[in-house]
Asker: 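Input: one structure, supplied below.
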Amino acid sequence: MKKTAIKMITAAFASLALLGACGSGGSAASSGSDGAGASTSDVLAKIKDAGELKVGTEAQYAPYEFKDAQANFAGADIALAQQIADDLGVKLTVTDMKFDGIIPAVQSGQVDLGIAAFSNTAERAKVIDFSDIYEKSEQMLVVAAENAGKYTSVESLAGQKVGAQKGTIQSDLVRSELTDSELFELDKYPALALEIKNGNIAGLVADAAVGQGLIDTSNGALAAADFSFTGENANVGKAVVLAKGNDALKAEVNKTIKKMMDDGSYQKAYDEAVALAQTLGLEVGE
């Protein structure tokens with residue numbers, strides 16, 4: 001698989017009132033979570049008392065989050081989740097769920113954090129809190145290989161169906177920038193890619209890394225269109241999702257993010273996830 005470079009955030013983070021001692025250890029990510037809601041003021045204390053950090057993700061978005069050959073959680077975001085748990089001195093429990101169900105799960109307290117390549121947007125920030133940004137990547141329009149030179153402008157996509165995953169920033173991009181196109185949403189990227197191959201939609205919008213993965217596993221059927229998104233949501237950063245008011249937990253998450261940015265361990269985890277997904281022959285979104 002051709003590795004797509006990601007733009008890592010290296011700017012200095014603002015000073016934070018970091019609460020709680022950092023631990024070490026922590027078990028490998030495991031599936032299953034059933035948590036009940038908790039008040040935001042004491043979530044960090046309850047995590048430490050329980051010895052468990054509950055994270056919601058959608059494990060079908062390589063290289064960020066997916067499952068390996070043994071059905072263990074893998075990916076760059078899973079490495080981030082594991083490091084947060086390790087720094088808190090607790091075990092990590094990961095729950096696999098639909099992407100558009102993660103924010104409600106965080107709000108209700110079913111999980112403590114949502115880590116699933118969430119784009120930091122003003123609309124989402126109305127209902128949840130974000131950590132500091134840990135990664136940025138551009139958006140890509142993936143089309144049938146024979147149409148790579150055809151769909152190069154907003155006008156060329158007028159009247160066409162353009163795909164995106166439900167509940168994502170990519171859906172917002174199609175709505176805001178391709179106003180004369182028809183948004184076509186599905187839950188999974190492989191299903192959207194199949195719609196392109198079958199001629200039912202003109203293309204799909206995805207993170208550049210994810211789009212490139214779809215292209216690399218398509219046996220030449222798909223390609224990147226010569227098209228650029230220019231709106232405010234075209235290049236926003238990824239961040240961890242928390243319930244409103246969890247300042248103590250957010251401070252600990254930001255501390256881990258800064259450490260992984262500074263020492264290059266998130267980039268290393270990303271590179272390893274790309275290689276693993278290639279070894280497994282994964283189609284992005286599996």
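No hydrogens, no waters, no symmetry mates; every other heavy atom, side chains included, goes into these values.
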Asker: Is there side-chain contact between Tyr64 and Val210, with heavy atoms separated by less than 4.5 Å?
Answerer: yes
Asker: For Tyr266 and Gln83: C-alpha separation, side-chain torsions, deciding distance, then whether side chain to side chain donor-acceptor pair (under 3.5 Å) applies.
Answerer: CA-CA 10 Å; Tyr266 185 85; Gln83 188 62 61; over 6 Å; no
Asker: Working to the nearest 0.5 angstrom, can you tell me the gap between Lys238 NZ and Leu80 CG?
Answerer: 12.5 Å
Asker: Between Ala273 and Ala76, which heavy-atom pair has the shortest distance, and what is it?
Answerer: CB-N, 3.8 Å
Asker: Hey, mind stepping through Met97 and Gln110 against side-chain contact (heavy atoms from CB on, under 4.5 Å) and telling me if it holds?
Answerer: CA-CA 11 Å; Met97 58 183 67; Gln110 179 185 348; 4.1 Å; yes
Asker: With no hydrogens and no angle check, just 3.5 Å: does a side-chain donor-acceptor pair link Gln60 and Lys188?
Answerer: yes
Asker: Does either side chain, that of Thr152 or that of Asp226, offer a donor lying less than 3.5 Å from an acceptor on the other one?
Answerer: no
Asker: Using every non-hydrogen atom in the two residues, find where Ser131 and Val253 come nearest and quote the distance to one decimal.
Answerer: CB-CG1, 3.8 Å
Asker: With a 4.5 Å heavy-atom cut-off, do Val55 and Leu92 have their side chains touching?
Answerer: yes
Asker: Asp129 side chain to Gly245 main-chain N or O, any donor-acceptor pair under 3.5 Å?
Answerer: yes
Asker: Show the numbers, then the answer: is there a salt bridge (Lys or Arg N to Asp or Glu O under 4.0 Å) between Asp172 and Arg175?
Answerer: CA-CA 5 Å; Asp172 295 338; Arg175 291 189 187 98; 3.2 Å; yes
Asker: Hey, what do you get for CG (Leu222) to OG1 (Thr217), rounding to the nearest 0.5 Å?
Answerer: 8.0 Å
Asker: Which value, rounded to the nearest 0.5 Å, describes the distance between Phe229 atom CZ and Ser176 atom OG?
Answerer: 8.5 Å
Asker: Counting heavy atoms not belonging to Asn219, are there more than 12 under 6.0 Å from its CG?
Answerer: no
Asker: Closest approach of Asp132 and Ile257, non-hydrogen atoms and distance?
Answerer: O-CD1, 3.5 Å
Asker: I'd like to know whether Ile128 forms a side-chain contact (heavy atoms from CB on, under 4.5 Å) with Phe118, so could you lay out the CA-CA distance, the side-chain angles of the two residues, the decisive distance to 0.1 Å, and finally the verdict.
Answerer: CA-CA 12 Å; Ile128 47 88; Phe118 275 100; over 6 Å; no
Asker: Is any side-chain heavy atom of Val90 less than 4.5 Å from a side-chain heavy atom of Glu52?
Answerer: no
Asker: Does Ala117 offer a backbone N or O that forms a donor-acceptor pair with the side chain of Asp77 under 3.5 Å?
Answerer: yes
Asker: CG/Leu192 to CD1/Ile201 distance, rounded to the nearest 0.5 angstrom?
Answerer: 5.5 Å
Asker: Please report the closest heavy-atom contact between Leu214 and Leu204, naming both atoms and the distance.
Answerer: CD1-CD1, 3.9 Å
Asker: Could you tell me if Lys67 sits above the aromatic ring of Phe73, with its cationic atom closer than 6.0 Å to the ring centre and no more than 45 degrees from the axis?
Answerer: yes
Asker: In Å, rounded to the nearest 0.5 Å, how long is the span from NZ of Lys250 to CG of Leu242?
Answerer: 7.0 Å
Asker: Is any side-chain heavy atom of Thr168 closer than 4.5 Å to one of Val205?
Answerer: no
Asker: Please report the closest heavy-atom contact between Gly75 and Phe66, naming both atoms and the distance.
Answerer: CA-CE2, 3.7 Å
Asker: Hey, are Lys259 and Asp262 close enough for a salt bridge, meaning a charged N less than 4.0 Å from a carboxylate O?
Answerer: no
Asker: Cut-off 3.5 Å, side chains only: do Tyr134 and Asn254 have a donor facing an acceptor?
Answerer: no
Asker: Can you confirm whether the side chains of Glu123 and Thr121 place a donor and an acceptor under 3.5 Å from each other?
Answerer: no
Asker: Report yes or no: do Gln170 and Gln139 form a side-chain donor-acceptor pair below 3.5 Å?
Answerer: yes
Asker: May I ask you to decide if Thr256's main-chain N or O and Asp87's side chain share a donor-acceptor pair within less than 3.5 Å?
Answerer: no
Asker: Is there a side-chain contact between Asn200 and Leu194, using heavy atoms and a 4.5 Å cut-off?
Answerer: no
Asker: Do Glu177 and Thr230 come within less than 4.5 Å of each other through their side chains, counting heavy atoms only?
Answerer: yes
Asker: I want to check something: taking the side chain as every heavy atom from C-beta on, are Val43 and Lys46 in contact at a cut-off of under 4.5 Å?
Answerer: no
Asker: Assess, by modelled atom type and distance only, whether the side chains of Tyr61 and Asp207 contain a donor and an acceptor separated by less than 3.5 Å.
Answerer: yes
Asker: Taking 4.0 angstrom as the limit, do Lys166 and Asp100 come out as a salt bridge?
Answerer: no
Asker: Check residues 178-187 and write down every donor-acceptor pair under 3.5 Å in which the side-chain atom is one partner and the other belongs to a residue at least two apart or another chain.
Answerer:
unit_1: Ser181; atom_1: OG; unit_2: Leu157; atom_2: O; d: 2.6
unit_1: Glu185; atom_1: OE2; unit_2: Ser171; atom_2: OG; d: 2.6

Asker: Would you say that Val106 contacts Leu113 through its side chain, given a criterion of any heavy-atom pair below 4.5 Å between the two side chains?
Answerer: no
Asker: Measuring from Leu249:CG to Leu53:CG, what's the distance to the nearest 0.5 Å?
Answerer: 7.0 Å
Asker: Say whether, by atom type as modelled, one donor and one acceptor occur between the side chain of Lys244 and the main chain of Ala125 under 3.5 angstrom.
Answerer: yes
Asker: Write down the atom of Val142, the atom of Ile196, and the distance for their closest heavy-atom approach.
Answerer: O-CD1, 3.4 Å
